[in-house]
Protein chains: 2
Amino acid sequence: MGKRASAELGTGRADDGLGGNGRDEVIYRNLFVAIVENHLAPGTKLPEDTLAETYGVSRTSIRKVLQRLAHERLVDVRLNRGASVAQPSVGEARDIFSARRIIECGAIAQVVAKATPAALEELRELVRREHAAQDRGDWRESIYLSGAFHVALIRISGNETLTDFLTQLVSRSSLVIATYGSPQTASCRHSEHDDVIEIIAAGDVEGTTRWMDRHLRDVERTVVLVEEEPVAADLKKILEEVAQRRPKLR
Amino acid sequence: MGKRASAELGTGRADDGLGGNGRDEVIYRNLFVAIVENHLAPGTKLPEDTLAETYGVSRTSIRKVLQRLAHERLVDVRLNRGASVAQPSVGEARDIFSARRIIECGAIAQVVAKATPAALEELRELVRREHAAQDRGDWRESIYLSGAFHVALIRISGNETLTDFLTQLVSRSSLVIATYGSPQTASCRHSEHDDVIEIIAAGDVEGTTRWMDRHLRDVERTVVLVEEEPVAADLKKILEEVAQRRPKLR
DNA sequence: AAATATTGAATTGTGTACAAATGGATTCTA
DNA sequence: TAGAATCCATTTGTACACAATTCAATATTT
C-alpha cells in the first residue's frame, strides 16, 4: 500500500548538498508530507518541544528541519515565536501560480526534446496511481500524486535546479489549496494528466505548452480566494499517525 | 563609498520568514557577499570554529547561517565534513543559465506591464553605479551590481517568489563565473544594460524578451567550461576585510 | 619500499543547560 | 467594570560540553 518509492515529491536524493543525515531526513520527510498532504492545517503551530518528543530527538535536530522547511516556505518561523505551518496570502498564491506557468511552460521544449519512452511510462504510472487514489476517495494521496506528476514532468528536462524550484512551488500550491480551496474540487476535476502525455509523445511543443498553460489556469481558478480562519489541532497525534502511514521510513 | 542601500542583491527584508535575528543576518550577509563577490574562491573550506571566532559567536549560530547558504546552494555541506564554498559543476552551470533564460524571459511581459518611471529610474541608477564601478576597475562591485540589475528588473514584475528564485540563480551565476570564467571578461563586456531600459520604456515585450535571451546567452558564452584547481586561502583575514568594507552592518 | 594498519589531533554532530523573550492570567488602579 | 501593569509559565535563542567521525601522519607488516 502507498508505495511511492519511484517518484517522490521532493528531491529524494539522500545527499542533497544540505548535509542532512538519515534521521533528520526522515523527520523532514514526515513533516513535509504532513504539511503537503494537509494533515496539518495552515497556521498550525509547530512547537520545538512537541516535535522533539514526537520524534525522540533533541530540539537541535528539530530546529534544523524547521529551518529547512522555512526556507522552502512551507513553515513560517518568526523570531522568538517559533514555527507554524505557512499560510500563503492571496498575493503569494497568485505569485506561486504565475511562477509555475512561467517555469512549467518555459521548460516544455526541453521536456519534449528529452522525453524517452521510459520517462513517459513513468508519467503514465503516476497517472494510474493518481486515478487509483481518486477512485478510493483518498484525496490526500491524490493531491500529492498530482503534484508529483508535475514535478516528474519537468524533471524530464534534466534541469535539476528548475526541478527543485518547481518542487517548492508545487508543495506551496498544496498549501494554497488547503488554505483557499475545497480539496475535492482541486484534486478530482483536474485529472486530465493523461492527455498531455500523448501530446508530449507526439513531440508537439506548441501543443504541450498550450495545454500546460490552460491546465495551470484551470487549477488556479478552482481555489477560491477568500480568507479563512486558522485552526488548532492535536499536533502530536496527527504526526504519529502520519509516521505510521509510512512504515518504510525508519 | 560603496553605498548599496537601495537595491541589494538578496531579499533585503529583515523579516524574511526565516526567523533570523539581527546578528545572524549580519553574519549571513557578510558571508553571502564574501562568496558572491568572489573574495572566497569556490571550494574554500568554511570551518565552523573559524567562522565562530571571526564573528564572535558560538558554532550554533554559524551552523544556522551555513545551512541557509547551503539551501541557497552557495555552500556545500557534506555529512561530517563541514561546509565549503560551492563549486558548480559544468552541468549545474548550464542548468543555472537555462533556468535564468526561462525565468527572466518568462517574466518580461509582467515587467513591461508594471514598469513605472520610478522603477525605470532605479534601474538607471544601478547601471550608473555599475559603470562607475567598472570605470574604477572594481570588478567585484561591478559583478555584484550587474547581478543586482537583473534582480531589480524582475522585481518590477511584483512576483516575490520569482524574484527570490532569480536572486539565488544570480548568486550562483557569480560562483559559476568565479569557477569557470575570467572575471574581467564576464563583467565588463556585458554592460549593455542601458539598452534594455529603453526597450522596456517603449513597452516592447517582444523586443525585451529577445534582448534578454540574447544577453543571457552572451553572458553564458563568456564562461569557459574547463575545470580548474581548488584554492585555499587565509579565510579569517579575508572575512575580516569584507566585514570592514561594510561598516553599516553592525 | 609499498601497502596496510593504527593512532591522534582536528572537526563536526547532538544533547543539555541556562538566558531571554513572549503571551496569558492575575492583580491593581481609576 | 474597563484598562493598565505585573507576574509567571511556556517557549525560543544561544552557548557549551561531550560523543562520533574524519583525515593525515606515523608505525607496522610483508
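Letters A, B, ... are given to chains in the order of the sequence lines, protein chains preceding strands, and every chain is numbered from 1. Below, all heavy atoms of this structure are taken into account, side chains as well, without hydrogens, waters or symmetry copies.
- Side-chain contact, B/Y180 with B/Q87: no donor N or O sits under 3.5 Å from an acceptor N or O.
- Note that CD1 of A/I35 and OG1 of A/T44 are 8.5 Å apart. Values are rounded to the nearest 0.5 Å.
- Annotation: the terminal axes of the helix from C/dA1-D/dT30 to C/dA30-D/dT1 meet at 10°, where each axis is the rotation carrying the C1' atoms of four end pairs onto the next four (5 pairs per end, rounded to 10°).
- For B/K64 and D/dT14, the shortest distance from a side-chain N or O to OP1 or OP2 is below 4.0 Å.
- The interatomic distance linking A/Y55 (OH) with C/dT14 (P) rounds to 17 Å, in whole Å.
- Residues B/R29 and B/E25 are not paired through a salt bridge, judged by the lack of any N-O separation under 4.0 Å between the basic side chain and the carboxylate.
- Ring geometry for A/F165 against B/F165 counts as parallel: the plane angle stays under 30°, on a 0 to 90° scale with 60° as the upper cut.
- Counting only heavy atoms from C-beta on, B/D24 has its side chain closest to D/dT14 among D/dT14, C/dT12, D/dT12.
- Counting any heavy atom pair closer than 4.0 Å across all strands shown, B/S61 reaches sugar-phosphate atoms only and no base atom.
- When distances run from any side-chain atom of B/R23 to the nucleotides D/dA15, C/dT14, D/dG13, the shortest one goes to D/dA15.
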Tell me which donor-acceptor pairs under 3.5 Å the side chains of residues 96-103 of chain A have, and how far apart each pair is, sequence neighbours excluded?
from: A/S98; atom 1: OG; to: B/Q110; atom 2: NE2; distance (Å): 3.1
from: A/R100; atom 1: NE; to: A/E104; atom 2: OE2; distance (Å): 2.7
from: A/R100; atom 1: NH1; to: A/S173; atom 2: OG; distance (Å): 3.0
from: A/R100; atom 1: NH2; to: A/E104; atom 2: OE2; distance (Å): 3.0
from: A/R100; atom 1: NH2; to: A/H150; atom 2: ND1; distance (Å): 3.2
from: A/R101; atom 1: NH1; to: A/E220; atom 2: OE1; distance (Å): 2.8

Sugar-phosphate or base contact per nucleotide [nucleotides 19-24 of chain C; S, B, -; heavy atom under 4.0 Å]: --SSS-
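- Atoms CG (A/L46) and C1' (D/dT12) sit 14 Å apart, rounded to a whole Å.
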After noting the C-alpha distance and the side-chain angles of B/R172 and B/E92, does the key distance pass the salt bridge (Lys or Arg N to Asp or Glu O under 4.0 Å) rule? CA-CA 10 Å; B/R172 294 173 72 190; B/E92 265 175 84; 3.2 Å; yes
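- Side chain of A/T60, nearest nucleotide from D/dT12, C/dG15, D/dA15: C/dG15.
- No donor-acceptor pair closer than 3.5 Å links the side chain of B/D95 to the backbone N or O of A/N159.
- B/E48 has its CD atom 14 Å from the C1' atom of D/dT22, to the nearest Å.
- Between the CD1 atom of A/I62 and the P atom of C/dG13 there is a distance of 17 Å, given to the nearest Å.
- One can place CD of B/E25 at 14 Å from P of D/dG13, the figure rounded to the nearest angstrom.
- OP1 or OP2 of C/dT12 has not a single side-chain nitrogen or oxygen of B/R59 nearer than 4.0 Å.
- Counting to the nearest Å, the P atom of D/dA15 and the CG atom of B/D49 are 14 Å from each other.
- One can place CZ of A/R78 at 16 Å from C1' of D/dG13, the figure rounded to the nearest angstrom.
- Looking at B/W139, B/Y144, B/F32 one by one, the single match for side chain to side chain contact (heavy atoms under 4.5 Å, CB included) with B/E37 turns out to be B/Y144.
- Across the protein-nucleic acid pair, B/E53 atom CD and D/dC16 atom C1' stand 15 Å apart, rounded to whole Å.
- Of the charged side-chain nitrogens involved, at least one lies within less than 4.0 Å of a carboxylate oxygen, so that B/R73 and A/D164 count as a salt-bridged pair.
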